[in-house]
Amino acid sequence: MRTQVCIIGGGPSGLLLSQLLHRKGIDTIVLERKTRDYVLGRIRAGILEVGFTDLMREAGVGARMDAEGFKHDGTVIAYGEEEFGVSFHEHTGTDVLVYGQTELTRDLYDAREAEGGNLVFNVENVKIHDAKGAAPYVTYQVDGGEHRIDCDYVAGCDGFHGVSRQTIPLTVRREYEKLYPFGWLGVLSETPPVHDELIYSWSERGFALCSMRNANLSRYYIQCSLSDAPQDWSDEAFWSELKRRIPSRYADALVTGPSIEKSIAPLRSFVTEPMRWGRLFLCGDAAHIVPPTGAKGLNTAASDIHYLYHGLMQFYQDGDSTGLDAYSEKALARVWKAERFSWTTTNLLHRYPDQSEFDLKMQRADIDFLRSNVAAQKVFAENYVGLPY
Ligand code: FAD
Ligand code: DHB
């Protein structure tokens, strides 16, 4: 087979790139290791920046998102029993959209399939060859059969555990990583959200987040130990711990119910440099991971796709490769700022096992400063709604 851009990974990054390029007449093949149902079963992000929603519209897949997503023009930050709001609208003139990763991935799959997109599922043993040369190709197996795709470019959109990043030799690749001594236990439940805005809550017992998907679907998270497993937490234990970590007026109003999904994610900051090696471009989680505090993971994947999409368009429409040549540098400049925001927001709101009394006072002072200082709120809001592309 031959295509212009071979995309490895059928998560949100790979699908969005494929759909955007398709609309500009650029041919792609998407190789996905799992099944469509498996990808759609992964409950992950829920908050979209304006840059992301604009790309979805440009890809022609914004209709359901615009009809069913919820605009949020601010958030609540709590500290014990205290709380305050940060308005996104007031400080930035814009807002974010609550629309689940599962839903936007479904919209992208539906569009790719309706428009005859070439998506190959259940691929195994994907290998990228000659990425540094003029004629790269990708080999893989499906049901034991060997296949080969010749292409102009390879987009590595295969997440943190994919093969694309590993293809870049260690003599070229530099990785930066920070692991956090805790994880997030997430629960999805068919209950009304406790509040109409998200609540990011610092507590003596650890961080908690109250989020949502729609009027009868709530998403809650609590900071947990890295040694915990989801089955260690009964629904009752989860609800009781969540109530102890949010201000009592919310705890009293919280509607609980059976969990329909429960999972634990470890927290990690990670960046690979460079994000381009020859004709291979890394996008999204294949190149970087943020801790989820601040909802930057999926949104940072979207800004990579924006830069790569524009670079490829410039190349195929005008024969100009300057956008592709600048891809790694441009993407990384924004990635590092998202890393910074996610890291500071994680540090601001979590309990660390080795925290001293001094560290706790610093956290308290940081939160007080954010509550009382308009400039600090503006900085928070600008980062939360997403820095410009
Ligand atoms: P992925 O979604 O990881 O997609 C990569 C795809 O590539 C997958 O479908 C995978 O099956 C496929 N693949 C992997 N290896 C291969 C291979 N060798 N060959 C072919 N295909 C391959 N972000 C937030 O903003 N908020 C959150 O609450 C949040 N929660 C998260 C919870 C978890 C458990 C995880 C792991 C991430 C979470 N994120 C969150 C981050 C967000 O979901 C990711 O940033 C986003 O999914 C990145 O999209 P992606 O397409 O780059 O990667
Ligand atoms: C969600 C996840 C986040 O990490 C976040 O900061 C906000 C919302 C969510 O899954 O709804």
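Residue indices begin at 1 and follow the sequence shown. Counting starts at 1 for both ligands and their atoms, following the listed order.
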With the threshold set at 4.0 Å, does a side-chain nitrogen-carboxylate oxygen contact exist between [X] and [Y]?
{"X": "Glu357", "Y": "Arg364", "answer": "no"}
{"X": "Arg213", "Y": "Glu103", "answer": "no"}
{"X": "Glu241", "Y": "Arg245", "answer": "yes"}
{"X": "Arg268", "Y": "Glu177", "answer": "yes"}
{"X": "Lys178", "Y": "Glu339", "answer": "no"}

Among [options], whose heavy atom sits nearest [atom]?
{"atom": "atom 8 (C) of ligand 2", "options": "Thr345, Ile43, Ile47", "result": "Ile47"}
{"atom": "atom 9 (C) of ligand 2", "options": "Arg213, Lys296, Met212", "result": "Arg213"}
{"atom": "atom 5 (C) of ligand 1", "options": "Ser263, Cys157, Gly9, Ser342", "result": "Cys157"}
{"atom": "atom 21 (N) of ligand 1", "options": "His161, Arg33, Arg42", "result": "Arg33"}

Using a strict cut-off of 4.0 Å, indicate which atoms of ligand 1 neighbour a heavy atom of [X].
{"X": "Asp158", "result": "5 (C), 7 (O), 13 (N), 14 (C), 15 (N), 16 (C), 22 (C)"}
{"X": "Val39", "result": "9 (O)"}
{"X": "Ala295", "result": "25 (O)"}
{"X": "Gly284", "result": "52 (O)"}
{"X": "Gly159", "result": "3 (O), 5 (C), 53 (O)"}

Looking only at protein heavy atoms, identify the closest one to [atom] and say how far it is in Å.
{"atom": "atom 7 (C) of ligand 2", "result": "Tyr200 OH, 3.2 Å"}
{"atom": "atom 10 (O) of ligand 2", "result": "Tyr221 OH, 2.6 Å"}
{"atom": "atom 39 (N) of ligand 1", "result": "Arg44 CB, 4.4 Å"}
{"atom": "atom 51 (O) of ligand 1", "result": "Ser13 N, 2.9 Å"}
{"atom": "atom 43 (O) of ligand 1", "result": "Gln101 OE1, 2.8 Å"}
{"atom": "atom 18 (N) of ligand 1", "result": "Val163 CG1, 3.7 Å"}
{"atom": "atom 49 (O) of ligand 1", "result": "Pro12 CG, 3.6 Å"}
{"atom": "atom 10 (C) of ligand 1", "result": "Glu32 OE2, 3.5 Å"}
{"atom": "atom 45 (O) of ligand 1", "result": "Asp285 OD1, 2.7 Å"}
{"atom": "atom 24 (C) of ligand 1", "result": "Ala45 CB, 3.2 Å"}

Tell me if a side-chain donor or acceptor on Arg165 pairs with a main-chain N or O of Ala287 at a distance below 3.5 Å.
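A pair under 3.5 Å: no.
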
Can a donor-acceptor pair be found, under 3.5 Å and without considering hydrogens, that links the side chain of Arg148 to the backbone of Met1?
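Side chain of Arg148 to backbone of Met1, a donor-acceptor pair under 3.5 Å: no, none is there.
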
Looking only at distance, does Arg219 have an N or O less than 3.5 Å from an N or O of ligand 2?
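No.
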
N or O contact, Trp184 vs ligand 2, cut-off under 3.5 Å
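By distance alone, the answer is no.
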
For ligand 2, the portion of [X] having any non-hydrogen atom under 4.0 Å away:
{"X": "Ala295", "answer": "both"}
{"X": "Tyr220", "answer": "neither"}
{"X": "Leu198", "answer": "side chain"}

Applying a 4.0 Å heavy-atom criterion (strictly less than), which segment of [X] is in contact with ligand 1: side chain, backbone, both, or neither?
{"X": "Ile8", "value": "side chain"}
{"X": "Ala265", "value": "side chain"}
{"X": "Phe121", "value": "neither"}

With a distance cut-off below 6.0 Å to the six-membered ring centre and an angular limit of 45° from the axis, does Lys296 pair with Tyr384 as a cation-pi contact?
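Yes, Lys296 and Tyr384 form such a contact.
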
Just to check, does Tyr38 reach to within less than 4.0 Å of ligand 1 when the distance is taken from its heavy atoms?
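Tyr38 does not count as a contact of ligand 1 under the 4.0 Å cut-off.
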
Less than 3.5 Å apart, any donor N or O on the side chain of Ser203 or Tyr79 sitting next to an acceptor on the other?
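Short answer, no.
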
Given the side-chain rings of His72 and Phe88, with only the six-membered ring counted for Trp, is the space between their centroids under 6.0 Å?
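Not close enough - the centres of the two rings lie 6.0 Å or further apart.
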
Might you confirm whether atom CD of Glu190 has over 12 heavy atoms from other residues, nucleotides or ligands at distances under 6.0 Å?
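Open: at most 12 neighbouring heavy atoms sit under 6.0 Å from CD of Glu190.
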
Ring pair (Phe, Tyr, Trp, His ring centres under 6.0 Å) partner of Tyr327, the single match among Tyr307, Tyr309, Phe315, Phe281:
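Exactly one pass, corresponding to Phe281.
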
